[in-house]
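Remarks on the structure that follows.
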Amino acid sequence: MKVYVVTGGAGFIGSAVVRTLLAQGAGTVRVVDNFLTGRESNLSDIRSRVELDQSDIRDYNALAAAIRGADIVFHLAAIPSVPRSIQDPAPSHQVNIDGTFNVLRASVEAKVERVVYAASSSAYGDTEVLPKVESMPPRPQSPYAVQKLAGEYYSSVFHSCFGLETVALRFFNVYGERQDPSSPYSGVLSLFFKALIERRSPTIFGDGEQTRDFTYVEDVAALCWKAASAPGVAGKMYNAGNGHRYSLNSVWDLLQKIEGVSLRPQYGPSRVGDVRDSQADTTAARRDLGHAPQYTLEQGLRRTLAWYKSCST
Ligand code: UD2
């Protein structure tokens with residue numbers, strides 16, 4: 001039986017990966033999380049089935065001890081958010097770049113079979129052509145995008161120079177159960193769900209016609225699982241998206257329709273560092289990782305809304 005380590009495993013996406021591993025019958029699952037943004041409550045239903053190590057990925061010795069004995073590492077620990085990386089760039093630089101370097105270095109030392117790295121669609125920046133294909137040159141527009149791209153480059157170079165198998169997955173605006181809406185840096189859909197349930201208007205930055213490839217967390221977790229064992233993909237990077245794009249205005253309209261309410265959004269100035277349009281080409285992930293997203297936006301929104309409602313009662 002393999003030993004799996006999930007950094008950031010108490011986070012929104014990390015805990016979904018942990019659940020997928022358990023559902024696949026994984027032997028040992030070890031969560032490494034410093035609870036900066038992760039929460040033990042994200043693991044409450046599966047707490048007895050996972051090992052929990054409260055190490056910080058910035059602390060090399062603690063991290064190396066946590067990774068020792070692992071076969072597969074899913075590296076999801078990060079400080080996300082484009083605006084957060086602009087407001088306060090040093091912590092996200094230290095976690096997202098130095099922390100990723102530590103995870104890769106510790107994985108070499110521990111002779112890990114493969115590391116699956118959570119990269120970001122932000123690395124593309126604004127492109128002239130949509131959908132965004134892995135072969136496009138990156139154009140990072142924020143510290144966060146640079147940091148996540150550096151992690152990709154490090155992953156690739158740890159493969160070519162040190163023989164560590166790595167697969168980088170560029171996550172495209174993931175949403176779903178357990179996404180925390182409590183911070184101003186929270187993902188937009190978590191803020192939309194909260195506003196909808198509280199019958200408040202959401203705030204939209206810009207005209208709301210910017211588009212995103214909103215991707216349901218279960219699909220991303222399934223892709224992570226496949227990336228851990230697919231043959232012939234070491235050192236490579238793939239899009240982890242749904243393959244469609246929706247404007248913020250259209251998603252808010254759909255949510256109002258689902259809930260049968262009418263709440264006009266408030267509009268504010270566009271965010272610095274914001275990408276205008278985002279949509280993944282999913283061809284390579286389908287071909288090499290055998291992955292086809294299972295959830296339409298409406299299905300994912302309905303499932304997620306039901307979950308937020310179950311928490312608010
Ligand atoms: C980026 C990445 C995404 C992921 C994420 C992690 C892109 C295209 N996507 O997401 O893949 O790595 O970073 O943090 O770079 N907005 C509002 N109202 C709000 C909050 C946000 O209108 O209350 C807007 C925001 O200006 C943006 C969109 O919603 O246009 C999405 O923002 P976000 O913070 O949810 O995610 P984004 O696209 O920066």
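Both ligands and their constituent atoms are indexed starting at 1 by order of listing.
With atom 29 (O) of ligand 1 as the reference point, the heavy atom nearest to it among V174, L248, V275 is part of L248. Summarising the contacts of atom 31 (C) of ligand 1 with E209, R212, K132, the nearest heavy atom is found in R212. When the heavy atoms of R170, R271, Q141, Q279 are ranked by distance to atom 34 (O) of ligand 1, first place goes to R271.
Annotation: cation-pi pair R212/Y246 absent, no NZ/CZ under 6.0 Å from the ring centroid and within 45° of its normal. No cation-pi contact links R303 to Y216, judged by a cut-off of 6.0 Å to the six-membered ring centre and 45° from its axis.
Here the protein heavy atom with the shortest distance to atom 4 (C) of ligand 1 is S120 OG, 3.9 Å. Of the protein's non-hydrogen atoms, D274 OD2, 3.1 Å is the one closest to atom 26 (O) of ligand 1. Looking from atom 19 (C) of ligand 1 to the surrounding protein, the closest heavy atom is F205 CE1, 3.3 Å.
Of all the atoms in ligand 1, the ones that sit under 4.0 Å from a non-hydrogen atom of F172 are 11 (O). For ligand 1, the atoms sitting less than 4.0 Å from at least one non-hydrogen atom of V82 are 39 (O), numbered in the order shown with element in parentheses. Taking every heavy atom of T203 and a limit of under 4.0 angstrom, the matching atoms of ligand 1 come to 17 (C), 18 (N), 19 (C), 22 (O), 23 (O). The contact set between ligand 1 and S81, taken as ligand atoms under 4.0 Å from a residue heavy atom, comprises 6 (C), 14 (O). Those atoms of ligand 1 that come under 4.0 Å of a heavy atom in F171, given as number and element, are 11 (O). If you number the atoms of ligand 1 from 1 as listed, the ones under 4.0 Å from a heavy atom of N173 come out as 2 (C), 3 (C), 7 (C), 8 (C), 9 (N), 10 (O), 11 (O), 36 (O), 37 (P), 38 (O). Close contacts of ligand 1 with S121, meaning ligand atoms under 4.0 Å from a residue heavy atom, involve 2 (C), 3 (C), 7 (C), 8 (C), 9 (N), 11 (O). Against a heavy-atom cut-off of under 4.0 Å, S278 is close to the following atoms of ligand 1: 8 (C).
Atom CZ of R264 sits in a sparse spot, with 12 or fewer heavy atoms from other residues, nucleotides or ligands closer than 6.0 Å. For CD of Q87, the number of neighbouring non-hydrogen atoms (other residues, nucleotides, ligands) closer than 6.0 Å is 12 at most.
Between R276 and D207 there is a salt bridge, since a side-chain N of the basic residue sits under 4.0 Å from a carboxylate O of the acidic one.
Proximity of Y144 to ligand 1 is established by a heavy-atom distance of less than 4.0 Å.
Looking at L52 and F35, their side chains come closer than 4.5 Å, going by heavy atoms from C-beta outward.
For ligand 1, one of its N or O atoms has an N or O atom of V188 under 3.5 Å away.
A donor-acceptor pair under 3.5 Å is formed between the side chain of D213 and the backbone N or O of N242. One N or O on the side chain of W252 and one on the backbone of L263 form a donor-acceptor pair closer than 3.5 Å.
Using modelled atom types, one finds no donor on one side chain facing an acceptor on the other under 3.5 Å when comparing S85 with Q147. One side chain, S250 or S247, offers a donor N or O that lies under 3.5 Å from an acceptor on the other.
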